[in-house]
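Please read the structure below before turning to the comments.
What you see below is based on every heavy atom in this structure, not just the backbone, and it leaves out hydrogens, waters and symmetry mates.
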Amino acid sequence: MPTDCASPLRAPLGTAGRLREALCALAGGQATVVRQTERPWASITFEGARHGFELTFDGIEAVGAGERFVEALPDHEFAIPGQLVAEAAIVAVDHRLLPGPRMTVSCELLLLRDV
(Lines give C-alpha, C1' and ligand atoms only; values in the text may rest on other atoms or scores of the structure.)
Protein backbone atom coordinates (compact mmCIF):
# COMPACT_ATOMS: atom_id res chain seq x y z
CA MET A 1 0.00 0.00 0.00
CA PRO A 2 1.58 3.33 -1.02
CA THR A 3 2.44 5.79 1.73
CA ASP A 4 2.47 9.49 0.95
CA CYS A 5 5.45 11.06 2.75
CA ALA A 6 3.41 14.24 3.27
CA SER A 7 0.64 12.27 5.01
CA PRO A 8 0.22 12.89 8.74
CA LEU A 9 0.01 9.11 9.28
CA ARG A 10 3.14 7.74 10.91
CA ALA A 11 5.07 4.82 9.50
CA PRO A 12 5.12 1.67 11.63
CA LEU A 13 7.45 1.90 14.61
CA GLY A 14 10.75 0.05 14.55
CA THR A 15 13.83 0.28 12.40
CA ALA A 16 11.99 -0.03 9.07
CA GLY A 17 9.52 2.70 10.03
CA ARG A 18 12.27 5.02 11.25
CA LEU A 19 14.20 4.45 8.04
CA ARG A 20 11.08 5.23 5.98
CA GLU A 21 10.58 8.47 7.95
CA ALA A 22 14.24 9.43 7.41
CA LEU A 23 13.95 8.82 3.65
CA CYS A 24 10.71 10.83 3.50
CA ALA A 25 12.44 13.70 5.29
CA LEU A 26 15.38 13.50 2.87
CA ALA A 27 12.84 13.63 0.01
CA GLY A 28 11.42 16.85 1.46
CA GLY A 29 8.02 15.22 1.98
CA GLN A 30 7.56 15.18 -1.82
CA ALA A 31 7.60 11.39 -2.35
CA THR A 32 5.21 8.50 -2.14
CA VAL A 33 6.67 5.19 -0.93
CA VAL A 34 5.16 2.57 -3.24
CA ARG A 35 7.32 -0.39 -2.17
CA GLN A 36 9.36 -1.28 0.89
CA THR A 37 11.21 -4.55 1.47
CA GLU A 38 13.47 -5.90 4.19
CA ARG A 39 15.80 -8.92 4.09
CA PRO A 40 17.97 -10.11 6.98
CA TRP A 41 21.70 -9.76 6.36
CA ALA A 42 24.69 -11.11 8.29
CA SER A 43 28.43 -11.55 8.02
CA ILE A 44 30.87 -13.15 10.45
CA THR A 45 31.11 -9.94 12.48
CA PHE A 46 27.91 -7.97 11.73
CA GLU A 47 24.17 -8.50 11.48
CA GLY A 48 21.44 -6.31 10.15
CA ALA A 49 19.06 -6.01 7.23
CA ARG A 50 19.02 -4.84 3.64
CA HIS A 51 16.11 -2.47 2.98
CA GLY A 52 14.72 -1.68 -0.46
CA PHE A 53 12.46 1.27 -1.30
CA GLU A 54 10.70 2.53 -4.39
CA LEU A 55 9.59 6.15 -4.21
CA THR A 56 7.64 8.19 -6.74
CA PHE A 57 7.84 11.95 -7.15
CA ASP A 58 4.83 13.40 -9.03
CA GLY A 59 4.88 16.91 -10.51
CA ILE A 60 7.61 19.39 -11.41
CA GLU A 61 8.35 20.45 -7.82
CA ALA A 62 8.41 16.86 -6.60
CA VAL A 63 10.71 15.76 -9.43
CA GLY A 64 13.13 18.51 -8.37
CA ALA A 65 13.02 17.10 -4.83
CA GLY A 66 13.65 13.66 -6.34
CA GLU A 67 16.75 14.91 -8.13
CA ARG A 68 18.06 16.33 -4.83
CA PHE A 69 17.22 13.04 -3.11
CA VAL A 70 19.23 11.03 -5.67
CA GLU A 71 22.21 13.34 -5.22
CA ALA A 72 22.09 13.37 -1.40
CA LEU A 73 21.28 9.75 -0.49
CA PRO A 74 24.69 8.06 -0.94
CA ASP A 75 26.45 10.48 1.46
CA HIS A 76 23.57 11.25 3.83
CA GLU A 77 24.25 10.83 7.57
CA PHE A 78 21.29 8.94 9.03
CA ALA A 79 20.44 9.04 12.73
CA ILE A 80 18.54 5.82 13.44
CA PRO A 81 18.83 4.63 17.06
CA GLY A 82 20.78 1.37 17.40
CA GLN A 83 21.56 1.23 13.66
CA LEU A 84 24.45 2.15 11.41
CA VAL A 85 23.73 2.79 7.73
CA ALA A 86 26.66 0.97 6.14
CA GLU A 87 25.54 1.50 2.55
CA ALA A 88 22.96 3.63 0.76
CA ALA A 89 22.69 3.33 -3.00
CA ILE A 90 20.40 4.41 -5.80
CA VAL A 91 19.53 1.29 -7.80
CA ALA A 92 17.39 2.82 -10.56
CA VAL A 93 15.83 6.11 -11.66
CA ASP A 94 13.02 6.43 -14.19
CA HIS A 95 11.76 9.77 -15.56
CA ARG A 96 8.41 10.15 -17.32
CA LEU A 97 6.94 13.32 -18.82
CA LEU A 98 3.46 12.12 -19.79
CA PRO A 99 0.75 12.37 -18.60
CA GLY A 100 2.71 14.59 -16.18
CA PRO A 101 6.25 14.81 -14.81
CA ARG A 102 7.04 11.76 -12.69
CA MET A 103 10.23 10.31 -11.32
CA THR A 104 10.53 6.86 -9.78
CA VAL A 105 13.57 6.09 -7.62
CA SER A 106 14.62 2.67 -6.33
CA CYS A 107 17.19 2.57 -3.55
CA GLU A 108 18.76 0.04 -1.22
CA LEU A 109 20.21 0.59 2.23
CA LEU A 110 22.19 -1.80 4.39
CA LEU A 111 21.60 -1.23 8.10
CA LEU A 112 23.80 -2.91 10.70
CA ARG A 113 23.01 -3.29 14.37
CA ASP A 114 25.16 -0.84 16.31
CA VAL A 115 26.01 -2.58 19.56
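- Taking a 4.5 Å side-chain heavy-atom cut-off between Ile, Leu, Val, Met, Phe, Trp and Tyr, the cluster of Trp41 extends to Phe46, Leu110, Leu112.
- Among residues at least two apart or in separate chains, salt bridge (Lys or Arg N to Asp or Glu O under 4.0 Å) pairs with a member in residues 40-52 are Glu47-Arg113, Arg50-Glu87, Arg50-Glu108.
- Summarising the geometry of Ala65 relative to Ala27, their closest heavy-atom pair is CB-O, 3.7 Å, with the distance given to 0.1 Å.
- Under the side chain to side chain donor-acceptor pair (under 3.5 Å) criterion, Gln36 pairs with Arg20, not counting sequence neighbours.
- Rounding to the nearest 0.5 angstrom, the gap separating the CG atom in Leu111 from the CZ atom in Arg18 is 11.5 Å.
- Inter-residue side-chain proximity for Asp114 and Ile80 is flagged as unmet; no heavy-atom pair is nearer than 4.5 Å.
- Residues that satisfy the ring-ring contact (aromatic ring centres under 6.0 Å, His included) test with Phe78, not counting sequence neighbours, are His76.
- Residue pairs meeting the side-chain hydrogen bond (donor to acceptor under 3.5 Å, both in side chains) criterion with at least one member in residues 56-72, sequence neighbours excluded, are Asp58-Arg102, Glu67-His95.
- Closest of all the heavy-atom pairs between Phe57 and Ala31 is CE2-CB, 3.5 Å.
- In this view, Thr37 and Arg35 satisfy the side-chain contact (heavy atoms from CB on, under 4.5 Å) rule, not counting sequence neighbours.
- Taking all atoms of both residues into account, the shortest heavy-atom contact from Ile90 to Cys107 is CD1-CB, 4.1 Å.
- The closest side-chain heavy-atom distance from Thr104 to Leu55 is not below 4.5 Å.
- Residues Leu73 and Ala88 approach most closely at O-CB, 3.8 Å, considering heavy atoms.
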